[in-house]
Amino acid sequence: MSNSSTNLPRERISRLREMVADEQQLPTGVRLVAAPLRFVGFWAAVALPFLYVPLLFGGLQASELTVFVALVALNALALVIGHNYARS
């Protein structure tokens with residue numbers, strides 16, 4: 001069997017990362033939307049961990065566990081979106 005089929009998705013992902021990292025290659029409409037999304041993503045990634053404190057302070061009940069997992073997932077998404085914010 002050939003490894004070329006397994007390398008194809010990796011090549012596409014690496015090309016997508018290069019295109020997104022180089023903002024000049026993005027179309028103007030995407031650039032206009034990407035900048036505010038990065039801003040919100042960055043600051044959400046900074047602020048969301050402060051919401052963990054009240055949940056963890058009182059101990060996690062069964063109903064709070066779902067909220068905690070959702071907060072962690074949202075924080076991970078915010079980290080990915082805001083990753084390149086204010087890079088020079």
Side-chain angles (χ1 to χ4, degrees):
M1 292 185 115
S2 174
N3 284 344
S4 63
S5 65
T6 60
N7 290 334
L8 187 60
R10 290 182 184 164
E11 291 173 7
R12 287 182 181 171
I13 290 172
S14 66
R15 274 189 268 143
L16 180 62
R17 284 182 184 160
E18 289 171 8
M19 188 174 83
V20 171
D22 185 14
E23 218 173 279
Q24 299 305 320
Q25 291 183 0
L26 294 174
T28 305
V30 174
R31 271 187 272 156
L32 290 173
V33 172
L37 281 178
R38 285 187 184 131
F39 171 80
V40 170
F42 176 82
W43 288 108
V46 170
L48 281 172
F50 290 106
L51 296 177
Y52 300 164
V53 175
L55 287 173
L56 294 174
F57 183 71
L60 289 176
Q61 305 300 322
S63 61
E64 294 171 338
L65 185 61
T66 307
V67 174
F68 180 74
V69 170
L71 277 173
V72 171
L74 189 61
N75 194 217
L77 180 65
L79 283 168
V80 170
I81 291 172
H83 179 71
N84 286 332
Y85 175 68
R87 289 234 173 151
S88 34

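Every value quoted in this text rests on a predicted model; they were computed, and no experiment measured them.
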Q) Linking I/L/V/M/F/W/Y whenever their side-chain heavy atoms sit closer than 4.5 Å, directly or via other members, would Val40 and Leu74 fall into one cluster? A) no

Q) Can you name the nearest heavy-atom pair linking Ala45 to Ala78, along with the distance? A) N-CB, 3.7 Å

Q | Remaining members of the apolar cluster that contains Leu77, side-chain heavy atoms under 4.5 Å | A | Val33, Leu37, Ile81

**Q.** Verify same cluster id: Leu60, Leu51 (apolar side-chain graph, 4.5 Å)
**A.** yes

Q) Do Asn75 side-chain atoms and Leu48 backbone N/O form a donor-acceptor pair below 3.5 Å? A) no

Q. Does Asn84 reach the side chain of Phe42, with side-chain heavy atoms less than 4.5 Å apart?
A. no

Q. According to a 4.5 Å side-chain heavy-atom criterion applied to Ile, Leu, Val, Met, Phe, Trp and Tyr, with indirect links allowed, do Val80 and Tyr85 form part of one hydrophobic cluster?
A. no

Q. Between Val72 and Tyr52, is any pair of side-chain heavy atoms under 4.5 Å apart?
A. yes

